[in-house]
2 protein chains.
Amino acid sequence: MEKNYDALKLDNQLCFPLYAAARETVKHYRPFLDELDITYTQYIAMMVLWEKDCVTVKDLGERLFLDSGTLTPVLKSMESKGLVERKRSGEDERCLIVSLTEEGKKLKEKAVEVPAKVSKCFNLTGEEAVTLYFLLKKVLEK
Amino acid sequence: MEKNYDALKLDNQLCFPLYAAARETVKHYRPFLDELDITYTQYIAMMVLWEKDCVTVKDLGERLFLDSGTLTPVLKSMESKGLVERKRSGEDERCLIVSLTEEGKKLKEKAVEVPAKVSKCFNLTGEEAVTLYFLLKKVLEK
DNA sequence: CACAATTAGATTGTACACAATTTATTATAC
DNA sequence: GTATAATAAATTGTGTACAATCTAATTGTG
């Protein structure tokens, strides 16, 4: 009786297409984000700030599922580009507050065109995209 | 008339939950893969080899959506662990053929337990998982 | 109030990802 | 047959990810 290894086939994995689709999709952003001179990680950090200026690294990390080990260098790079400022909170010196510069705020005007451009690269109907969105949200819960 | 920036809200993005869910899911593998002393990238490369031994770097890359810039160091690391061998093809010296060592083949016995352990971490019903799987596959097409 | 525990970021070290370039080899065109 | 184009990996350089550790500031407890 041969042991069954089907569970190990790449085509039977849920995680692998998730991992691959995420990378392929992020790649679609590159030509558009190159025009803004930012990376994808910087783009999602900017999205948080465009929605609500002045957030701590902790808040940003919880929102983006990233820790300080990832965010610290990313935010320093964004600061050196003149997109954000980083300063310690007066209330609690442990917290570092990230805020938009004028240039960072201005970038929103160019960025607002990006989602529509990228959505054209998706190989899904509107309905499929909605279904996918809610399933992914569910994966991220808890 | 205020311009509409809703398209830039993080909660309105499809790519972001895809990106975040992929990373969170890969993270679930870590404790189980630690026991096998391999990383997630090495795990999916091994899955390809367990299915069909002896593949070129090019084939592996097409299957995993990874290029030689990523695979070369990963495969060298796997070689140094004694899991695979790397040798040039006799037919075409440009091609490098990756094959399993005995130890690499043996690891399959331990690995076969991993998928079941990880699937318990998924917050989805069986039906939802199937739907998600096919939507992700569609995203990856062409 | 002292001091242990907690918390927020920063740092360190390892491992990808990926664009761009380079090198070696094979295929093609004249 | 030789120059040219194409192909497969390797290399280089930049930018994340993330676990583990460290440091400084704050909080909780006796």
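Every chain is numbered from 1, with letters handed out A, B, ... down the list of sequences.
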Check: More than 12 foreign heavy atoms under 6.0 Å from NZ of Lys106(B): is that the case here?
Finding: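 No, not enclosed.
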Check: Within a reach of under 6.0 Å around NZ of Lys87(B), are more than 12 heavy atoms found that belong to other residues, nucleotides or ligands?
Finding: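 Counting neighbours around NZ of Lys87(B), 12 or fewer heavy atoms of other residues, nucleotides or ligands fall under 6.0 Å, so no.
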Checklist line | Toward the 5' end of DNA chain C, by each residue's nearest nucleotide, Lys81(B) or Val57(A) | finding: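 By nearest-heavy-atom nucleotide position, the 5'-most residue is Val57(A).
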What is the distance from [atom1] of [X] to [atom2] of [N], rounded to the nearest Å?
| X | N | atom1 | atom2 | value |
| --- | --- | --- | --- | --- |
| Ile97(A) | dA8(C) | CD1 | P | 13 Å |
| Tyr19(A) | dA15(C) | OH | P | 15 Å |
| Phe65(B) | dC18(C) | CZ | P | 11 Å |
| Glu93(B) | dA27(C) | CD | P | 12 Å |
| Arg94(A) | dA8(C) | CZ | P | 6 Å |

Note to self: Using a strict threshold of under 4.0 Å (side-chain N to carboxylate O), is an ion pair present between Glu102(A) and Lys105(A)?
What the structure shows: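 Between Glu102(A) and Lys105(A) there is a salt bridge, with a charged N closer than 4.0 Å to a carboxylate O.
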Margin query: If I take atom CG from residue Leu49(B) and atom CG from residue Leu83(B), how far apart are they, to the nearest 0.5 angstrom?
Written below: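 Answer rounded to 0.5 Å: 10.0 Å.
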Check: Rounded to the nearest 0.5 Å, how far does OG1 of Thr131(B) lie from CG of Leu132(A)?
Finding: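 So the gap between those two atoms works out to 10.5 Å.
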Margin query: Taking any heavy-atom pair under 4.0 Å as a contact, classify Asp67(B): base, sugar-phosphate, or nothing.
Written below: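 The residue Asp67(B) makes base contact.
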Next item on the list: Describe the nucleic acid contact of Thr56(A) in one word from base, sugar-phosphate, nothing, applying a heavy-atom distance below 4.0 Å.
Entry: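 Answer is sugar-phosphate: Thr56(A) comes under 4.0 Å of backbone atoms only.
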Notebook entry, point to check: Got a sec, which pairs hit side-chain hydrogen bond (donor to acceptor under 3.5 Å, both in side chains) with one end in residues 28-41 of chain A, sequence neighbours left out?
Noted result: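 Applying side-chain hydrogen bond (donor to acceptor under 3.5 Å, both in side chains) to every pair that reaches into residues 28-41 of chain A, excluding sequence neighbours, yields nothing.
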Notebook entry, point to check: With both distances under 3.5 Å as the test, what is the Watson-Crick or G-U wobble partner of dG30(D)?
Noted result: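 Matched dG30(D) with dC1(C) under the 3.5 Å cut-off.
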Note to self: Treating Asp53(B) as the side-chain partner and Leu100(B) as the backbone partner, does any N or O pair qualify as donor plus acceptor under 3.5 Å?
What the structure shows: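 Pair found, side chain donor or acceptor close to backbone of Leu100(B).
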Check: To the side chain of Leu66(B), which of dC16(C), dA17(C), dT11(C) is closest?
Finding: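 Ranking dC16(C), dA17(C), dT11(C) by closest atom to the Leu66(B) side chain puts dA17(C) first.
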Notebook entry, point to check: Which nucleotide span of DNA chain D, 5' end to 3' end, has atoms closer than 4.0 Å to non-hydrogen atoms of chain A?
Noted result: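 Boundary nucleotides touching chain A, in 5' to 3' order, are dG15(D) to dT26(D).
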Check: Parallel, tilted or perpendicular: which describes the rings of Phe65(B) and Phe16(A), with under 30° parallel and over 60° perpendicular?
Finding: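 Because their plane-to-plane angle lies in the 30° to 60° range, the rings of Phe65(B) and Phe16(A) count as tilted.
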Item checked: Residues touching DNA chain D, which here means a heavy atom under 4.0 Å, drawn from residues 20-45 of chain B ->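 Per residue number, the list reads Arg23(B), Lys27(B), Arg30(B).
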Check: Taking for each residue the nucleotide of DNA chain D bearing the nearest heavy atom, is the 5' side occupied by Ser68(A) or by Glu91(A)?
Finding: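 The residue whose closest nucleotide sits nearer the 5' end is Ser68(A).
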Check: Is there a side chain to side chain contact (heavy atoms under 4.5 Å, CB included) between Val98(A) and Leu71(A) once you walk through the steps?
Finding: CA-CA 11 Å; Val98(A) 184; Leu71(A) 284 176; over 6 Å; no
